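Scroll down for the structure; my scribbles are underneath it.
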Number of protein chains: 2
Amino acid sequence: MINIGIVEDNVKIRNLIQRFLDMQESMSCKVAVDSVEEMLDHLKEHEPPDVILMDIQLPGMSGIKGIGIIKKEYPDIEIIMLTVYHDSHKIFDSLVAGASGYLLKHTSLPEIKESIENLVAGGAPMSPQIARKVIEHFNKPEPEKKPKSDLTAREQDIVNGLVDGLSYKLIADRYDISIDTVRAHIRNIYKKLHVNSKAEVIAKSLRGEI
Amino acid sequence: MINIGIVEDNVKIRNLIQRFLDMQESMSCKVAVDSVEEMLDHLKEHEPPDVILMDIQLPGMSGIKGIGIIKKEYPDIEIIMLTVYHDSHKIFDSLVAGASGYLLKHTSLPEIKESIENLVAGGAPMSPQIARKVIEHFNKPEPEKKPKSDLTAREQDIVNGLVDGLSYKLIADRYDISIDTVRAHIRNIYKKLHVNSKAEVIAKSLRGEI
DNA sequence: GCACAAATCACATATTCATGTGAATTTGAA
DNA sequence: TTCAAATTCACATGAATATGTGATTTGTGC
């Protein structure tokens, strides 16, 4: 018997899913609340469910924040997000927070049931569209890197020197130019990047923002 | 009509899948070969299929290597891996190489059909077990980070200030301490990290070495 | 040829940083 | 309690950096 909890603020949807799941022979769904806070209250005084279906947009604490809190206290509870949001950011945040699955709300009741069964069998239910976005995160982690700061080749050299922790003097030696030239380049780099210290240049560079 | 190609060296499986898919009204599967090399030869002289089902363990070039070559030449072809391997490494390599889906070989024929339909509809078919491993990659990407540089909490604060590009003065203001205290902390940080400039601390920190 | 950006160099100065030395207070572990 | 580490502050000095104001040379495009 799989025990299921629901956190969903839309009463109609919540009741629909609860009734359907509770009707299944292998499942029990007695707890359906409309906020993370209520679920936390419930968990304090009752046996925790095996699986929680959770919305993202909720009154009070967001579902994504809720994942972290619930998983921290009750690491054995598996959480499936059930939401209308299909933007990469929310998906990613949910999975990083500890969700084990991510379904879109147009998912049919039998599919939800199947997803829960999948989950307890060691799988991770995901709508195919979600899986697609997850995969895209994998195979192109740098499609949007176009900081394009218009640094000239020489300026990039100087930045590399800074990142290597070199002083102006050492950079000058490395490229066999005068320290005043290094200063001049750095002045221009600062202008282009809108910064005013080595530290910021190094930070920007290592963050991939150059 | 979805055009499908198969690369699979097990003749029985290959024929079975080919016959089943070709039988579908919305699909056509005329090309079924047993190596990436043969598929490449075929692609040179024929219209490329929309989707290729690909095994990993193949005579000659591996399926994972094949993904990269095929996607480079024919970026519009969607590739679904169909294999017995469920280890994270092969899954990850396949997705990074450009596969759009990953199914295990025990997947039923109707599920394969459904997966292909999912794929052309913009989804990414994955067995739930595979999805699970993919998710695990997401929500614990830092099990191996053990730089452990023994910085105290306060020292870490100072490092954060440096990374934010602040001057000693501004760090002092941020934490409401004197600039000499900041100096003292930085002195200790330099000792612990064996460096001797802000630049190096920032670089180390942003590289995750602190 | 001419305008213009890039790269080079120079001199000057105020600020910030690195480092040395010394010390008081707090805190947690032995 | 006693000791070590952490945190706090002070004073001092030479090195490095940030910024201003120049200038020369070279290559590119129009």
Side-chain angles (χ1 to χ4, degrees), chain A residues 69 72-73 142 144-210, chain B residues 142-210:
Chain A
I69 296 177
K72 184 166 184 180
E73 288 292 309
E142 65 245 287
E144 11 60 357
K145 70 160 188 180
K146 275 285 158 38
K148 190 112 176 317
S149 42
D150 298 323
L151 292 192
T152 66
R154 199 48 151 180
E155 286 166 353
Q156 190 61 60
D157 287 340
I158 306 293
V159 169
N160 291 337
L162 293 179
V163 171
D164 290 341
L166 305 180
S167 67
Y168 290 6
K169 174 88 183 70
L170 288 176
I171 293 175
D173 288 349
R174 174 190 283 194
Y175 298 111
D176 204 29
I177 56 180
S178 114
I179 192 173
D180 277 305
T181 303
V182 174
R183 266 194 258 271
H185 284 306
I186 284 179
R187 213 192 321 261
N188 292 328
I189 291 167
Y190 285 6
K191 273 200 179 62
K192 288 185 180 179
L193 300 183
H194 307 296
V195 301
N196 56 302
S197 76
K198 272 173 72 168
E200 291 171 272
V201 173
I202 293 169
K204 262 187 189 287
S205 177
L206 287 175
R207 290 200 194 95
E209 294 172 19
I210 295 183
Chain B
E142 66 247 286
E144 12 62 1
K145 70 162 187 181
K146 276 281 159 42
K148 189 122 178 306
S149 41
D150 298 322
L151 291 193
T152 68
R154 200 49 152 178
E155 287 166 351
Q156 190 62 60
D157 287 341
I158 307 292
V159 169
N160 291 337
L162 293 179
V163 171
D164 290 342
L166 305 180
S167 66
Y168 290 5
K169 174 89 182 71
L170 289 177
I171 293 175
D173 289 348
R174 174 188 282 194
Y175 297 109
D176 204 28
I177 56 181
S178 113
I179 193 173
D180 278 304
T181 303
V182 175
R183 269 194 257 269
H185 285 306
I186 285 180
R187 214 192 321 260
N188 291 330
I189 291 168
Y190 286 5
K191 274 202 179 62
K192 288 185 179 177
L193 300 184
H194 306 294
V195 301
N196 56 302
S197 75
K198 276 171 69 168
E200 291 172 271
V201 174
I202 293 169
K204 262 188 188 292
S205 177
L206 287 175
R207 292 198 192 95
E209 293 171 20
I210 296 183

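Bear in mind that the values here come from a model prediction, so they are computed numbers and not experimental data.
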Who are the side-chain hydrogen bond (donor to acceptor under 3.5 Å, both in side chains) partners of [X], not counting sequence neighbours?
X	result
S197(B)	E200(B)
D173(A)	K169(A)
D164(B)	R174(B)

Check your understanding: Is there a residue in residues 176-191 of chain B whose heavy atoms reach under 4.0 Å of DNA chain C, and which residues are they?
Key ->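 Per residue number, the list reads R183(B), R187(B), Y190(B).
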Review point. Which of residues 160-169 of chain A sit near DNA chain C, with a heavy atom under 4.0 Å from it?
Key: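 Hits under 4.0 Å, by residue number: none.
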Spacing of [X] atom [atom1] relative to [N] atom [atom2], expressed in whole Å:
X	N	atom1	atom2	value
N196(A)	dT17(D)	CG	P	15 Å
Q156(B)	dT7(D)	CD	P	11 Å
Y175(B)	dA6(D)	OH	P	18 Å

Practice item. Mind jotting down which residue pairs meet the side-chain hydrogen bond (donor to acceptor under 3.5 Å, both in side chains) criterion with at least one end in residues 179-189 of chain A? Sequence neighbours excluded, please. Key: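 Sorted result for residues 179-189 of chain A: D180(A)-R183(A).
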Exercise for review: Compute the bend angle of the helix from dG1(C)-dC30(D) to dA30(C)-dT1(D) from the end axes (five pairs per end), rounded to 10°.
Suggested key: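 Rounded value for the end-axis angle: 60°.
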Check your understanding: Just the endpoints, please: which first and last nucleotides of DNA chain C, 5' to 3', lie under 4.0 Å from a heavy atom of chain B?
Key ->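 With heavy atoms of chain B under 4.0 Å away, the range is dC17(C) to dT21(C).
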List every contact pair, protein side and nucleotides 27-30 of chain D side both N or O, where the distance is under 3.5 Å.
none

